[in-house]
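To find a chain, count down the sequence lines: A is the first, B the second, and so on, and within it residues start at 1.
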There are 2 protein chains.
Amino acid sequence: MPRTKGDHDARRRDVSEAVWRVLAAHGFGGLTMRAVATELGATTGLLTHYFPTKRDLVTYALDLLDTRSASRPRRTAGTGMSAVRAALLDILPLTGDATVSNRIWVSSWDTALADPELSDDYARKYARSRDKLRDLVAAAQESGELPAGDPARIAAGAQSFVLGLVVQALFAPETFPPDRQAELLDDYLAALVSLPSPNDGRAVRT
Amino acid sequence: MPRTKGDHDARRRDVSEAVWRVLAAHGFGGLTMRAVATELGATTGLLTHYFPTKRDLVTYALDLLDTRSASRPRRTAGTGMSAVRAALLDILPLTGDATVSNRIWVSSWDTALADPELSDDYARKYARSRDKLRDLVAAAQESGELPAGDPARIAAGAQSFVLGLVVQALFAPETFPPDRQAELLDDYLAALVSLPSPNDGRAVRT
DNA sequence: ATTCACACAACAACCGTTATGGATATGTAC
DNA sequence: GTACATATCCATAACGGTTGTTGTGTGAAT
């Protein structure tokens, strides 16, 4: 029984949620046409209507993951160092939603690494994320909260740290509860702050 | 044509290498009975003889990944801080072999995260790795190269950093060539060293 | 004679994809 | 407004291909 025009947008939202539920339940490796269809209470005929091919489904799922992650409620970022901290905290699996999102995210790496095109897409995505972080770092440096040094380099390091912490927290949630993750992040940030400026010798010369 | 008894161990080694080649070529998602069999120039009959079920193959592949990673030629570890640095460098995808190994490793996370049992296995594996790192950190602290502080906490942070760097380097090899990875790691270690001791106030009181 | 190490063949289940057809909405002619 | 052509939305069913698994048979080793 087809829907009316007014219901069409609602149906699109239903499809999104079905895709999300499948991803959350079985990861990216378990993302199949039929799984989404049955999760939707429909058949593959509907799915092929929205996604002519499997790759379309995968790309859509990747976009969905990106969108869902981006539209997650963010901390109200302050300025300088606290903005950096907030941005990094927002990545970590501190809530149930963030955990689900991160789990899907990590599980997508298998698919992404196997496909050069998707791999490039991911590389660009991470590069953009690093750029945003770099700007925050540069701002924290200008406010004097962070010692001098290539902001891009510091951002790359911070992103690595958070990324790795995500993975460890996903595999061992009891070992890395939210407060421990925040603790470790604060350790990292404290180390960054305490670092003597390498490029900028003013503090030494004065 | 069956083999003789003397060839049996050789055959087991052949199986290992076939599994490894399949993993290297198609990742963990492409690990199938038939793929390994054809890679071996044999049929599935042989495979089921060595691995009665798929799960056995997967578990074996996970173990193989662990073994191959562990038996990779390691840097001759010095003492104290240089030992910590060597251990962390050994994880990074700095060589072709290490890149292949790490790629397989990351691709296995999809499978592992979808299966609670495998997930636990990984958690234990990482915990053991953190423990070894913790001992190295503690040694570096005793030699005075690293400020005081919970060595387990420092090890967890360092492991996170390296893990995340691995992921980023795999997706953007041109952005993270070997020397840049080493650079970033050294930045991290420098920050660790420069950190004033939190628990131990001696330096301040003197 | 029994066990082992395989080849070979087949199975049911699942995958992505395609074709067919029917129900509903939309547009157009009168 | 009514009548008809067209397009959209979706169920149903089937296709060939691949998967994990099982069973049978056969030659060599013990």
Side-chain angles (χ1 to χ4, degrees), chain A residues 1-19 21-23 25-62 64 107-108 110-112 114-115 117-118, chain B residues 1-19 21-23 25-62 64 107-108 110-112 114-115 117-118:
Chain A
M1 186 208 318
R3 301 289 194 92
T4 76
K5 167 74 178 310
D7 289 339
H8 189 222
D9 292 354
R11 171 60 71 155
R12 279 208 85 90
R13 238 173 306 126
D14 287 351
V15 172
S16 290
E17 287 204 14
V19 170
R21 278 198 301 272
V22 169
L23 287 176
H26 308 103
F28 240 85
L31 179 67
T32 74
M33 299 267 181
R34 275 173 236 271
V36 176
T38 54
E39 184 68 38
L40 195 62
T43 65
T44 62
L46 187 150
L47 254 291
T48 58
H49 184 72
Y50 286 88
F51 311 108
T53 177
K54 173 71 179 288
R55 172 172 278 268
D56 294 327
L57 213 202
V58 172
T59 5
Y60 177 80
L62 251 38
L64 186 65
S107 87
S108 76
D110 184 18
T111 309
D115 187 324
E117 195 175 334
L118 295 179
Chain B
M1 182 209 320
R3 301 288 195 95
T4 76
K5 169 70 178 311
D7 288 339
H8 189 224
D9 292 354
R11 171 59 72 153
R12 280 208 84 90
R13 239 174 303 127
D14 287 350
V15 172
S16 288
E17 287 204 13
V19 171
R21 278 199 301 271
V22 170
L23 288 176
H26 307 103
F28 239 84
L31 179 68
T32 74
M33 298 268 181
R34 274 173 239 272
V36 176
T38 55
E39 183 69 40
L40 195 62
T43 65
T44 61
L46 186 152
L47 254 291
T48 59
H49 184 72
Y50 284 88
F51 312 108
T53 177
K54 173 72 180 289
R55 171 172 280 269
D56 294 327
L57 212 203
V58 172
T59 331
Y60 177 78
L62 250 39
L64 186 64
S107 87
S108 77
D110 185 17
T111 308
D115 188 323
E117 196 175 336
L118 296 179

Tell me: [atom1] of [X] to [atom2] of [N], nearest whole Å?
X     : N      : atom1 : atom2 : result
A:R11 : D:dT8  : CZ    : P     : 18 Å
B:L31 : D:dT19 : CG    : P     : 11 Å
A:H49 : D:dC10 : NE2   : P     : 6 Å
A:K54 : C:dC15 : NZ    : P     : 9 Å
B:R12 : C:dC6  : CZ    : P     : 10 Å
A:M33 : C:dT17 : CE    : P     : 5 Å
A:L47 : D:dC9  : CG    : C1'   : 13 Å
B:L46 : C:dC6  : CG    : P     : 5 Å

Sidechain-backbone polar pair: B:S107 side chain, B:F28 backbone, donor-acceptor under 3.5 Å = yes

- Using modelled atom types only, decide if a donor and an acceptor are shared between the side chain of B:D110 and the backbone of A:G29 within a distance under 3.5 Å. yes

Heavy-atom nearest nucleotide on DNA chain C taken for A:G45 and for A:R34; more 5' hit belongs to A:R34

*Check every strand shown and say whether A:T32 touches a base, only sugar-phosphate, or nothing at a heavy-atom separation below 4.0 Å.*
sugar-phosphate

- Could you tell me whether A:T53 contacts a base, only the sugar-phosphate backbone, or nothing, with contacts defined as non-hydrogen atoms closer than 4.0 Å? sugar-phosphate

Taking 4.0 angstrom as the limit, do B:R13 and B:E17 come out as a salt bridge? no

What one should report as the nearest heavy-atom pair of B:A35 and B:T32 is N-OG1, 3.0 Å

Exercise for review: Report yes if at least one side-chain N or O of A:Y50 is closer than 4.0 Å to OP1 or OP2 of D:dC9; otherwise report no.
Suggested key: no

